[in-house]
Amino acid sequence: MYYDSKVWLGINDAGEKICLLPKMANRHGLVAGATGTGKTVTLKVLAESFSDMGVPVFMADVKGDIAGLAEAGSDSEDMQKRIARFGLADAGFGFRGYPVTLWDIYGEKGITLRTTISEIGPLLLARLMELNDLQADILSIVFKIADDNNLLLIDTKDLKSMLNYVSDHNSEFEAQYGKMSPQSIAAIVRALVALEVAGGDKFFGEPAVNIMDFFTFGDMGKGMINVLDSSSLINNTKLYSTFLLYLLSELFERLPEVGDMDKPKMVFFFDEAHLLFKDAPKALLEKIEQVVKLIRSKGVGVYFCTQNPRDIPDGVLAQLGNKIEHGLRAYTPSDQKAVKSAAESFRDNPAFNTYETILALGTGEAIVSFLDEGGIPTMAEKVSVLPIQSSFGSLSDAKRDSLIKSSICYSKYAEAIDPDSAYEFLERRGIEEAEELAKAKEEAEAAKQREKEEKEAEKQREKEEKEAARAAERAEREAARKAEAEAKAAQREQDKKDAEKRRAAKTVGNTITGTVGREVGKTVGKKFGKFGQTLGGNVGASLGRGIFSTLFNSKK
């Protein structure tokens, strides 16, 4: 409880109050211990104290009982004994509820808590989807392409569209961003679908949570206790741890530097902290260590809650100045080594053996070391933790529903919205590209049709030219044949005329030469009498005609 301007956690065996100084609360802390040793009560005592101090708190409710902070505790005989034992009656102890805002990623047991794909970033998203190094690098490149093209990645469908777009246009991005194999991109898409099935589709969207809504106050200036219901979320350990780390990173990035303050601006409890570091890649571990180191200067205290201190890497553990160690059990040599390691992290107290004491701690008891005024860890103290002023149990459904709907944040985050983002932009671009492709195809087909028609027209022209040439050739041949026939007919006519002339000439020649020959023969034959004259005339006529015929034919 908040007492004398300090966080009063409990009393030691000597009855002395063991308190955490508010100015040292942002030096971070560790709450560890086996199951059933009282860690949840310790967390509630701290949360109540910070709220009374006017410091907002964020904490996860893994088992469903943290939300009981909203209701006042109930009196009992056992509680009266504890109040008397701790001397709480004179310290202002009273049963009361605290201002609580309930959040839930799935929107079932609290106000829906969302973020966007762009805000969570490729590093945390790669871990959430359990990508290998190559796939994580490709995812980072896809984020870079989206940033360079002013594309908002709000939800999983945005990222899926972006991945598919990059895969389809790989050749366009290869020169500037490097080669990204379609197989690797397909593997990322499958991991994204698996994330959607696990509820990631509800986690990513708008309106995204504004972390400044955690910095609110209840009545009388009490700090708001923001409780993330994780009873279902814890089943998806990657989503649980990644989201809490995202919130922590957002606090680191959004809050201004404030240096040392009299009290923190906020205290962040990270329950089941071992899930944060399990199988985390080196780059993520380095980021966590950096955030834990530097977020103190932003006025935020981070308290890791886990079963065993060895669950926390040394680089982070070294930053946790305030330690609360509940009982540990050592059933194996490995467990004994872990207890010894936990004991050695405290400053020795001569009054007891830290190792043996840790093993013997009962429920509600713890070994505690807080930072003093100078920032130096105090000696280990065996402490009995105070009882809480709020309810130990969980909230009823009616009370939970009333608490959710009465919050000023309910109307802000109740309804999901789907803004114009990468999915819509790429869908429009896809439609435009499809239209352009269809237009180009149509133009290509039209050009092809025109080319076909031109070829057919050319063929038709060639055919017509060939037909005309053949017709001209036929006409020419016909004219030649006709001319030839006419020439032949004329020749025949001429030959006929010539023949007739020859016959006439021959007849005349024959007559003349026959007459001349006969006269010559008669003249010669007179010497031989009348018979000789006749014979000579006939012979002379025959010879004359024969000579004429020979000469006539040779001239012809």
Side-chain angles (χ1 to χ4, degrees), residues 1-22 25 29 31-53 57 59 61-100 222-223 225 227 267 269 271 303 305 322-329 349 351-352 357-370 378 380-395:
M1 62 181 292
Y2 188 55
Y3 176 78
D4 192 23
S5 299
K6 299 175 184 176
V7 177
W8 179 17
L9 180 70
I11 59 174
N12 62 11
D13 288 345
E16 298 172 335
K17 295 180 176 65
I18 303 301
C19 301
L20 170 64
L21 300 177
V31 180
T35 301
T37 56
K39 295 193 302 297
T40 300
V41 171
T42 298
L43 292 176
K44 283 189 171 184
V45 170
L46 292 173
E48 290 177 352
S49 302
F50 286 122
S51 180
D52 286 334
M53 193 192 302
V57 173
M59 58 199 314
D61 189 2
V62 175
K63 293 180 290 185
D65 52 0
I66 296 292
L69 285 163
E71 289 189 314
S74 56
D75 198 5
S76 66
E77 183 179 350
D78 180 64
M79 281 297 298
Q80 286 300 321
K81 289 180 181 179
R82 298 182 72 186
I83 290 171
R85 176 189 173 194
F86 290 102
L88 295 174
D90 299 329
F93 182 91
F95 296 109
R96 62 176 65 91
Y98 285 81
V100 171
K222 291 182 182 294
I225 301 176
V227 177
V267 173
F269 289 96
D271 200 4
Y303 287 73
C305 183
N322 303 298
K323 294 183 176 67
I324 302 172
E325 180 63 68
H326 285 272
L328 293 174
R329 306 296 175 246
N349 187 331
F352 58 86
T357 303
I358 291 176
L359 290 174
L361 288 173
T363 301
E365 296 179 334
I367 299 297
V368 177
S369 174
F370 292 142
T378 59
E381 295 283 357
K382 180 185 176 185
V383 175
S384 295
V385 179
L386 297 182
I388 57 175
Q389 300 173 87
S390 57
S391 173
F392 280 96
S394 57
L395 294 177

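We number each residue from 1, following the sequence as shown.
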Novice: Are the side chains of Pro99 and Ser51 in touch, meaning some heavy atoms are under 4.5 Å apart?
Specialist: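 Counting from C-beta outward, Pro99 and Ser51 do come under 4.5 Å.
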Novice: Take Ser384 and Arg85 through the side-chain hydrogen bond (donor to acceptor under 3.5 Å, both in side chains) test and state the conclusion after the steps.
Specialist: CA-CA 10 Å; Ser384 295; Arg85 176 189 173 194; 2.8 Å; yes
Novice: Looking only at atom types and distance, does a side-chain atom of His326 sit under 3.5 Å from a main-chain N or O of Thr37, one as donor and one as acceptor?
Specialist: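 It does hold such a pair.
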Novice: Checking Ser390 against Lys44: is there a side-chain donor and acceptor pair closer than 3.5 Å?
Specialist: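 No, Ser390 and Lys44 have no side-chain donor paired with an acceptor closer than 3.5 Å.
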Novice: Over all heavy atoms of both residues, which pair between Pro22 and Ser5 is shortest? Give the atoms and the distance, please.
Specialist: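 The pair with the smallest heavy-atom distance is CG-O, 3.2 Å.
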Novice: Could you report the tightest heavy-atom contact between Val267 and Tyr303, atom names first, then the distance?
Specialist: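 Reported closest heavy-atom pair: CG1-CD1, 3.6 Å.
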Novice: Is a donor on one side and an acceptor on the other found under 3.5 Å between the side chain of Ser49 and the backbone of Val45?
Specialist: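 Yes.
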Novice: Report yes if the side chains of Phe392 and Asp65 come closer than 4.5 Å at any heavy-atom pair, otherwise no.
Specialist: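 Heavy-atom side-chain distance check fails, nothing below 4.5 Å.
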Novice: With a 4.5 Å limit on heavy-atom distance, are the side chains of Lys323 and Val368 in contact?
Specialist: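 Counting from C-beta outward, Lys323 and Val368 never come under 4.5 Å.
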Novice: Any sub-3.5 Å donor-acceptor pair from Ser391's side-chain atoms to Ser74's backbone N or O?
Specialist: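 It does not hold such a pair.
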Novice: Supply the atom-to-atom distance Glu48 CD to Lys222 NZ, rounded to the nearest 0.5 angstrom.
Specialist: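 Answer for the CD-NZ pair, Glu48 versus Lys222, is 9.0 Å.
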Novice: For Lys39 and Cys305, run side-chain contact (heavy atoms from CB on, under 4.5 Å): C-alpha distance rounded to whole Å, both residues' side-chain angles, the deciding distance at 0.1 Å, then the answer.
Specialist: CA-CA 8 Å; Lys39 295 193 302 297; Cys305 183; 4.0 Å; yes
Novice: Return the minimal non-hydrogen interatomic distance between Leu361 and Ala366, and the atom names on each side.
Specialist: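 Closest pair (atom of Leu361, atom of Ala366, distance): CD1-CA, 3.8 Å.
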Novice: Grab the two heavy atoms, one from Ser394 and one from Glu71, that are nearest each other, plus how far apart they are.
Specialist: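 Heavy atoms of Ser394 and Glu71 come nearest at O-OE1, 4.5 Å.
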Novice: Using 0.5 Å steps for rounding, measure from the CG atom of Leu386 to the OH atom of Tyr3.
Specialist: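 The distance works out to 11.5 Å.
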Novice: What's the spacing between Tyr2 OH and Leu46 CG if we round to 0.5 Å?
Specialist: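 The distance works out to 14.0 Å.
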Novice: Any donor and acceptor pair, going by atom type alone, linking the side chain of Asp61 with main-chain N or O of Val227 inside 3.5 Å?
Specialist: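 A pair under 3.5 Å: no.
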Novice: Do Asn349 and Glu381 have side chains that approach each other closer than 4.5 Å (heavy atoms only, starting at C-beta)?
Specialist: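 They are in side-chain contact.
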Novice: Using 0.5 Å steps for rounding, measure from the CG atom of Leu395 to the CD1 atom of Ile66.
Specialist: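 The distance works out to 11.0 Å.
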Novice: Taking it one step at a time, do Ile11 and Glu16 satisfy side-chain contact (heavy atoms from CB on, under 4.5 Å)?
Specialist: CA-CA 5 Å; Ile11 59 174; Glu16 298 172 335; over 6 Å; no
Novice: Of the non-hydrogen atoms in Met1 and Gly92, which two are nearest, and what is the gap between them?
Specialist: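 Met1 and Gly92 have their closest heavy atoms at CE-C, 4.0 Å.
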Novice: Check the side chains of Gln389 and Tyr98 for a donor-acceptor pair under 3.5 angstrom, ignoring hydrogens and angles.
Specialist: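 On atom types as modelled, these side chains qualify, holding a pair under 3.5 Å.
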Novice: Return the minimal non-hydrogen interatomic distance between Asn322 and Leu20, and the atom names on each side.
Specialist: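 Scanning both residues, the minimum pair turns out to be OD1-CD1, 3.4 Å.
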Novice: Could you tell me the separation between the CZ atom of Phe95 and the CG atom of Asp75, rounded to the nearest 0.5 Å?
Specialist: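 Rounded to the nearest 0.5 Å, the CZ-CG separation comes to 4.5 Å.
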Novice: With a 3.5 Å distance limit and no angle check, can you tell me whether Asp78 reaches the backbone of Arg82 through a side-chain donor-acceptor pair?
Specialist: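 Such a contact is absent between Asp78 side chain and Arg82 backbone.
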Novice: Set out, in order, the CA-CA distance, both residues' side-chain angles and the distance that settles side-chain contact (heavy atoms from CB on, under 4.5 Å) for Trp8 and Ile18, then state yes or no.
Specialist: CA-CA 6 Å; Trp8 179 17; Ile18 303 301; 5.7 Å; no
Novice: Supply the atom-to-atom distance Leu69 CG to Ile225 CD1, rounded to the nearest 0.5 angstrom.
Specialist: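 Here the rounded value is 4.5 Å.
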Novice: Passes side-chain contact (heavy atoms from CB on, under 4.5 Å), Asn12 versus Lys382? Steps please.
Specialist: CA-CA 6 Å; Asn12 62 11; Lys382 180 185 176 185; 5.9 Å; no
Novice: Do the non-hydrogen side-chain atoms of Phe93 and Met79 ever get within less than 4.5 Å of each other?
Specialist: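 Counting from C-beta outward, Phe93 and Met79 do come under 4.5 Å.
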Novice: Between Thr363 and Gly38, is there a donor-acceptor pair closer than 3.5 Å when you use the side chain of the first and the backbone of the second?
Specialist: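 Such a contact is absent between Thr363 side chain and Gly38 backbone.
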